[in-house]
Amino acid sequence: HTEDELSTVGAEDNLQQKDEEDHSCQKQEESSRPETSGNKHLVRVFFGCLAAVACGMLYAGYLSTYHDRKFWFSTRQELEREITFQAGSGLYYYYYKRMLAAPSFERGFYELMIDNRTVAGQTINAVERLSLYPELITSYIYRVTGSQDFVEPIYFYVGTVFGLQAVYVTALFVCSWVLSGTWVAGMLAVAWYVINRPDTTKVDHAIPLRDNWALPYFSCQVAALTGFLSNNISSATEMFCYLTMSATTFIFLLVWEHSHYVLFIQGLCLFLLDSFDLVPSRKMADIHKVYLSSLFLAYLFQFQNPTLLSSPLLSLLIGSVLARYFQVELAFAIMVMCVVSFMEYPCHSVTCFLVCIMSFNGSGFFSVSDFITNFLLCQESFQRPRQDLFLRLTQASVLPFYFLVLTVCLLSTLQTIYRRLSGKPMKTNIRLEDGRIGEQPEVIYHVFHTVFFGGLALLFDGMKYIWTPYVCMFTAFGVCSPDLWMTVFKWLKLKSIHPVVLSLILSTAVPTIIGFSLWREYSPRVLAELSDLQEFYDPDTVELISWIRSHAPVAAVFAGSPQMLGTVKLCSGSAVTSLPLYSDVNLLRRTEDTYQVYAMRSAEDIYKILTSQKTNYVIIEESICNELSFSKACRIKDLLDITNGHIVYDKGEMYSFSKHGRFCQEIKLNYSPYTNYFTRVFWNRSYHVYKVNSVISFQY
């Protein structure tokens with residue numbers, strides 16, 4: 001009996017010891033789970049970042065190769081390379097060359113602030129007028145790093161822009177990754193961006209344009225804002241997003257004169273989030289601080305630019321702050337914002353006027369006789385987008401999926417707004433099973449973002465370069481997000497198959513199928529672009545610039561179209577009468593005066609106009625003088641005839657009539673009185689150059 005008791009006690013001790021061991025092992029497993037999940041998260045982040053950087057670098061290499069194949073850039077002479085900067089964008093590169101030619105950076109910066117060698121008879125602050133900080137910084141880096149020993153200035157400049165485009169697509173990658181939770185969405189976003197490159201960027205033909213420098217920073221700002229609005233981030237990550245957002249917002253305002261309009265649209269999206277209480281008040285206050293501090297710093301760095309004080313962004317911020325301070329309703333807050341807008345300086349009234357005309361006067365441009373208004377409305381950026389834009393997006397499969405993603409996210413967002421207006425709180429920790437993609441603040445912001453910019457893109461073709469990249473990013477996020485599919489299944493009340501499992505399957509299968517189809521269809525096209533040698537050569541322009549360099553005096557002043565004068569300034573350094581800058585009313589007035597050579601004006605009138613601008617040579621372009629177009633609304637000569645009152649309407653048709661012939665055509669006949677005032681000194685198939693006689697010789 002005693003032996004049985006001892007054996008029983010021993011067995012109980014062994015069982016107790018085993019239970020303690022099992023319990024301790026369970027505790028060790030539970031403690032090791034967070035460490036294991038943390039390691040997996042780090043691995044995913046590492047490979048995601050590696051994929052993002054790889055996509056950016058591959059895109060930069062692709063741009064460089066394509067640019068060299070298109071323009072034969074590496075085999076051209078310096079003059080021919082500079083002529084490839086089209087649409088008047090070469091003017092910005094001229095200031096980069098000028099900074100490098102200065103004896104020191106400080107001296108070059110000072111000369112640009114009191115520039116009297118660009119516009120004849122005027123001293124301008126070129127840094128402020130043309131937003132030349134990209135050229136200043138790039139030239140400074142080129143000097144400091146000693147890059148002149150191993151790379152030419154033009155390659156360094158072009159490479160910097162291509163590097164920023166790599167940052168652009170990397171930011172789109174990260175933004176789609178943050179929204180969807182998988183970096184597969186980022187790769188799909190980059191693929192769609194590259195395929196739709198004609199509608200996503202202008203870097204192919206006009207590298208130095210301001211938006212090619214600015215939009216990469218805006219993309220980084222949107223990615224940082226997306227992370228900052230997310231509820232599921234740590235305090236350290238939130239601080240990193242806040243600092244990134246602050247820096248990129250300031251740089252974006254600094255390098256592009258139209259950036260505050262873009263930020264105004266973004267501010268409206270955030271204003272709606274704040275109005276419906278969809279984002280914490282603390283975060284909105286931080287975002288307001290970012291905007292205000294960036295505007296203040298940009299105002300200082302741009303030499304107290306009054307445009308920033310009259311910007312609609314500042315008006316929106318003041319209205320939002322006042323509305324929050326006084327706890328007013330949404331309608332009154334909007335009224336306050338509008339009142340403040342009208343109380344500001346009227347610098348942006350021209351833009352508002354153009355928008356109103358474009359939106360409500362679809363019959364034509366002839367109800368307004370002002371040349372500048374009609375000229376700006378006739379710019380390609382202000383035209384309505386053609387149908388081929390949507391056809392290309394559909395062929396690349398991005399537009400159908402975009403409408404699907406937008407519909408689901410928009411309906412879910414409206415549900416969230418309705419619940420908030422009903423007094424129900426928002427869930428901060430949303431699970432996949434909830435099926436509420438519209439309750440994520442970052443998703444709601446992007447819904448408003450794509451709707452607002454999409455509406456503008458339907459009105460103005462130039463807005464597609466801001467809207468289309470985010471269409472690619474937003475669509476890639478949607479098809480790769482299990483939350484989107486789960487939201488659809490939640491509405492359908494799917495019971496036959498577990499909705500969570502099906503959501504995970506579709507979020508993997510759909511992007512895989514899309515990626516495979518894109519690879520099969522577009523990969524040969526992209527490779528063909530890199531292998532084909534395209535021919536871009538403009539011998540007439542090269543001949544003209546060569547003549548100016550060899551025959552025109554150094555102090556000569558040239559008149560012509562703004563795009564032509566940008567090329568003349570870049571390649572010869574001669575002073576010009578106007579610049580391809582459409583945000584300055586004074587320069588636009590000078591452009592209107594110069595364009596009178598294509599109007600039906602007398603030789604004496606043109607002579608007085610050109611001599612008042614101190615012009616020595618005037619360049620007449622055959623492409624403008626003899627422009628043929630099915631639409632007469634936007635030809636330069638027709639706009640001038642409308643302004644000068646030389647238009648006659650007969651049975652619905654428009655005719656030009658004046659007692660004087662068209663100057664650009666009559667002067668070629670080489671008879672008096674045109675030969676009294678002008679002497680032809682150069683001509684080829686595309687250009688005629690006339691010297692403005694300093695002494696009038698009367699010949700009959």
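For the numbers below, each heavy atom of this structure counts, side chains included, while hydrogens, waters and symmetry mates do not.
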Quick check: closest heavy atoms across [X] and [Y], and the distance to 0.1 Å?
X: Q165; Y: V203; answer: CG-CG2, 4.1 Å
X: P511; Y: L506; answer: CD-O, 3.6 Å
X: L458; Y: P385; answer: O-CD, 3.4 Å
X: P312; Y: H260; answer: CD-ND1, 4.0 Å
X: R210; Y: V255; answer: CD-O, 3.7 Å
X: N231; Y: P441; answer: ND2-CD, 3.5 Å

Reported [atom1]-to-[atom2] distance for the pair [X] and [Y], which is rounded to 0.5 angstrom:
X: L414; Y: F276; atom1: CG; atom2: CZ; value: 9.0 Å
X: L292; Y: T249; atom1: CG; atom2: OG1; value: 11.5 Å
X: S412; Y: Q415; atom1: OG; atom2: CD; value: 5.5 Å
X: Y66; Y: Y59; atom1: OH; atom2: OH; value: 10.5 Å
X: L313; Y: I318; atom1: CG; atom2: CD1; value: 10.0 Å
X: F382; Y: M463; atom1: CZ; atom2: CE; value: 10.5 Å

So with a 6.0 Å cut-off around [atom1] of [X], is the heavy-atom count from everything else above 12?
X: F403; atom1: CZ; answer: no
X: W519; atom1: CH2; answer: no
X: M284; atom1: CE; answer: yes

Original post:
Does NZ or CZ of R525 come closer than 6.0 Å to the centre of the six-membered ring of Y522, within 45° of the ring's axis?
Top reply: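 Judged by the rule, R525 and Y522 form a cation-pi pair.
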For [X] and [Y], indicate whether the former's side chain and the latter's backbone hold a donor-acceptor pair under 3.5 Å.
X: R419; Y: K424; value: no
X: S246; Y: V290; value: no
X: T468; Y: D199; value: yes
X: T160; Y: F156; value: yes
X: R420; Y: D277; value: yes
X: D483; Y: R436; value: no
X: S219; Y: L215; value: no
X: N196; Y: W192; value: yes
X: T487; Y: I437; value: yes
X: T450; Y: H446; value: no

Can you tell whether the side chains of [X] and [Y] come within less than 4.0 Å, N to carboxylate O?
X: K202; Y: D211; value: yes
X: R384; Y: D461; value: no
X: E529; Y: K70; value: no

Quick one, [X] and [Y] - any side-chain contact, counting heavy atoms below 4.5 Å?
X: F489; Y: S503; answer: yes
X: V451; Y: L406; answer: yes
X: L518; Y: S397; answer: yes
X: D388; Y: R392; answer: yes
X: H258; Y: V262; answer: no
X: V45; Y: C49; answer: yes
X: I207; Y: S89; answer: no

Looking only at side chains, do [X] and [Y] share a donor and an acceptor under 3.5 Å apart?
X: Q266; Y: Q221; answer: yes
X: T237; Y: S234; answer: yes
X: H288; Y: S320; answer: no
X: S259; Y: Y217; answer: no

Original post:
How are the rings of F228 and Y242 set relative to one another: parallel (under 30°), tilted (30 to 60°) or perpendicular (over 60°)?
Top reply: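 Tilted, since the angle between the ring planes falls between 30° and 60°.
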**OP:** Measure up the Y402 and W467 rings against each other and bin them: parallel (under 30°), tilted (30 to 60°), perpendicular (over 60°).
**Re:** perpendicular
**OP:** Report the C-alpha distance between L225 and L270 in whole Å, list the side-chain angles of each, state the deciding distance to 0.1 Å, and finish with yes or no for side chain to side chain contact (heavy atoms under 4.5 Å, CB included).
**Re:** CA-CA 10 Å; L225 177 62; L270 295 169; 4.3 Å; yes
Subject >> Chi angles and distances behind the side chain to side chain contact (heavy atoms under 4.5 Å, CB included) call for L530, Y62 >> reply: CA-CA 8 Å; L530 298 181; Y62 164 76; 3.4 Å; yes
Subject >> side chain to side chain contact (heavy atoms under 4.5 Å, CB included) partner of W485, the single match among L504, I505, V510, V408 >> reply: V510
**OP:** Could you point out which residue of I287, V279, L268, I417 forms a side chain to side chain contact (heavy atoms under 4.5 Å, CB included) with L273?
**Re:**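 Of the listed options, the one satisfying the test is V279.
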Subject >> Criterion ring-ring contact (aromatic ring centres under 6.0 Å, His included) against W213, the qualifying member of Y157, Y168, F252 >> reply: Y157
**OP:** May I ask you to check whether Y470 and H449 place their ring centers less than 6.0 Å from one another?
**Re:** yes
Subject >> F73 and Y155 aromatic centres sub-6.0 Å >> reply: yes
Original post:
What residues, two or more places apart in sequence or in another chain, satisfy ring pair (Phe, Tyr, Trp, His ring centres under 6.0 Å) together with F250?
Top reply: F301
**OP:** Kindly write out the residues that satisfy salt bridge (charged side-chain N to carboxylate O under 4.0 Å, His left out) with D204, not counting sequence neighbours, or none if the list is empty.
**Re:**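 If we apply the salt bridge (charged side-chain N to carboxylate O under 4.0 Å, His left out) test to D204, skipping adjacent residues, the hits are R197.
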Original post:
Could you walk me through whether L502 and H498 pass the side chain to side chain contact (heavy atoms under 4.5 Å, CB included) check?
Top reply: CA-CA 6 Å; L502 189 57; H498 198 287; over 6 Å; no
Please set out all donor-acceptor pairs under 3.5 angstrom arising from side-chain atoms of residues 171-186, sequence neighbours excluded.
residue : atom : partner : partner atom : Å
S176    : OG   : A185    : O            : 3.4
S176    : OG   : M473    : O            : 3.4
S176    : OG   : F477    : N            : 3.3
S180    : OG   : S176    : O            : 2.8
S180    : OG   : T182    : N            : 3.4
S180    : OG   : T182    : O            : 3.2
T182    : OG1  : V184    : N            : 3.2

Subject >> Test side chain to side chain contact (heavy atoms under 4.5 Å, CB included) applied to Y445 and L278, step by step >> reply: CA-CA 10 Å; Y445 162 74; L278 301 174; over 6 Å; no
